[in-house]
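Read the structure below first, then the notes.
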Amino acid sequence: MDSIFKLGFQKKETVRQAAGESLARFIIIAIVAGLPAFLEGFDGEIYSFGSTYIVPSLTGPLYLSIGLILTGYAIGIAIFSLVGGYLFDRYSVKNTVILSVLVFSAFTIMTGFVTTTPELFIARLGVGVGVGIFQPAGVALLGDIFYETRGRAVSVWATFFSVGLFASPYLIEPFLPAFRLPFEISGAMAIIILALVIMVIPVTFKKEKPTTKLNIRNVFNRNIILLSISVFFFGSVLHNSF
């Protein structure tokens with residue numbers, strides 16, 4: 001049996017087969033698959049805590065308020081959830097997660113270095129893009145591991161997201177009003193999680209070879225559109241509340 005940290009470099013076992021080999025493998029693969037949810041909760045909460053210090057320190061158009069910037073983040077999630085779902089169905093699941101975490105890490109680090117409101121808008125939109133791509137891929141990946149009890153897959157994702165929300169205030173509060181370092185730490189954690197995904201998650205998701213033929217109906221289906229619209233309205237409510 002291969003080392004758990006070599007699973008990502010072999011192609012003979014699928015994700016489900018690897019997770020079914022032993023309880024230890026199952027737990028480790030489930031943890032690694034759920035870690036992007038931790039990133040989502042962690043980054044969102046440190047931005048919420050830091051935004052009252054970030055926005056006043058910036059130059060640029062006043063209309064790019066905290067609320068509108070949060071709406072841009074929600075738009076990134078809403079639009080690119082469609083892309084993430086399509087990439088999951090048509091290409092490598094592992095590469096989809098890797099791509100999304102790379103995008104996420106770059107833009108969460110950028111958040112700590114912005115000097116103008118347009119830069120902040122772009123940074124948070126980019127973070128939303130990363131989250132939007134890895135949300136459907138991560139939940140579906142967990143769903144394949146918990147294939148007989150798929151509700152638990154959503155529970156694992158929600159648990160990691162909640163842990164990220166819980167942990168972030170304890171990290172950012174000691175540094176305020178300085179806000180750069182917490183976002184650098186968020187980016188560093190994303191890189192560590194990226195390495196774990198590369199090492200632990202098998203390349204092969206299913207044995208059948210996926211097709212790369214584009215079919216717009218696979219991107220825009222009823223369930224994805226309804227979920228995306230709900231995320232958009234979530235961002236709009238955040239904007240109006242500010």
Side-chain angles (χ1 to χ4, degrees), residues 28 30-62 64-74 76-77 97 100-135 138 155-200 231 234-235 237-242:
I28 293 175
I31 290 173
V32 173
L35 283 173
F38 172 86
L39 287 177
E40 179 184 356
F42 185 86
D43 174 87
E45 191 71 356
I46 62 173
Y47 178 73
S48 296
F49 268 75
S51 59
T52 53
Y53 297 92
I54 297 171
V55 175
S57 71
L58 304 179
T59 60
L62 295 178
L64 286 177
S65 63
I66 297 176
L68 186 58
I69 290 169
L70 285 174
T71 302
Y73 169 76
I77 295 176
V97 175
S100 60
V101 174
L102 276 173
V103 172
F104 173 92
S105 63
F107 284 102
T108 192
I109 293 173
M110 179 182 172
T111 302
F113 287 84
V114 295
T115 57
T116 67
T117 49
E119 288 176 358
L120 181 59
F121 182 84
I122 292 170
R124 300 315 296 170
L125 178 65
V127 170
V129 169
V131 171
I133 295 175
F134 68 57
Q135 267 187 349
S155 299
V156 170
W157 186 268
T159 298
F160 275 94
F161 177 81
S162 300
V163 171
L165 291 177
F166 177 81
S168 55
Y170 297 98
L171 176 62
I172 190 170
E173 187 175 7
F175 300 104
L176 294 175
F179 53 83
R180 178 176 295 177
L181 183 58
F183 288 102
E184 292 176 334
I185 294 173
S186 178
M189 288 193 299
I191 298 301
I192 293 171
I193 291 171
L194 181 66
L196 289 173
V197 170
I198 292 172
M199 291 188 296
V200 173
V231 172
F234 169 74
V237 171
L238 285 177
H239 168 60
N240 292 331
S241 66
F242 279 102

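Computation of the quantities below employed the complete heavy-atom set of this structure, encompassing side-chain atoms and omitting hydrogens, waters and symmetry-equivalent molecules. Counting begins at 1 with the first residue of the sequence.
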Carefully, step by step, assess Val103 and Phe107 under the rule side-chain contact (heavy atoms from CB on, under 4.5 Å).
CA-CA 6 Å; Val103 172; Phe107 284 102; 3.8 Å; yes

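Between Tyr170 and Phe166, the ring center distance clears the sub-6.0 Å criterion.
The side-chain heavy atoms of Val131 and Phe104, taken from C-beta on, include a pair separated by under 4.5 Å.
Between the CG atom of Leu120 and the OH atom of Tyr73 there is a distance of 13.0 Å, given to the nearest 0.5 Å. Taking CD1 of Ile185 as the reference point, atom CE of Met189 lies at 7.5 Å (rounded to 0.5 Å). Atoms CZ and OG1, on Phe183 and Thr111 in that order, are 5.5 Å from each other to the nearest 0.5 Å. Taken from OG in Ser48 to CD1 in Ile172, the straight-line distance is 9.0 Å, to the nearest 0.5 Å. Here the OG-CG distance, from Ser186 to Asp43, works out to 4.5 Å after rounding to the nearest 0.5 Å. Of the inter-residue distances, the one linking Met110 atom CE with Ile122 atom CD1 reads 5.5 Å to the nearest 0.5 angstrom.
Heavy atoms only, all atoms of each residue included: Ala123 and Val114 are closest at CB-CG1, 4.2 Å. In terms of heavy-atom proximity, Tyr53 sits nearest to Phe179 at O-CE2, 4.1 Å. Between Ser100 and Gly130, the shortest heavy-atom contact is CB-O, 3.4 Å. What you find for Phe134 and Val101 is that their closest heavy atoms are CD2-CG2, 4.2 Å.
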Distance-only criterion, 3.5 Å: show the donor-acceptor pairs between side-chain atoms of residues 32-41 and protein atoms not counting sequence neighbours.
unit_1	atom_1	unit_2	atom_2	d
Glu40	OE1	Gln135	NE2	3.2
Glu40	OE2	Gln135	NE2	2.6

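A cation-pi contact links Arg124 to Tyr47, judged by a cut-off of 6.0 Å to the six-membered ring centre and 45° from its axis.
Taking Phe113 as the reference, nothing meets the ring-ring contact (aromatic ring centres under 6.0 Å, His included) condition, with sequence neighbours excluded.
No donor-acceptor pair closer than 3.5 Å links the side chain of Thr108 to the backbone N or O of Ser105. Judged by distance alone, the side chain of Ser162 and the main-chain N or O of Ala158 form a donor-acceptor pair under 3.5 Å.
Using modelled atom types, one finds no donor on one side chain facing an acceptor on the other under 3.5 Å when comparing Thr116 with Thr59.
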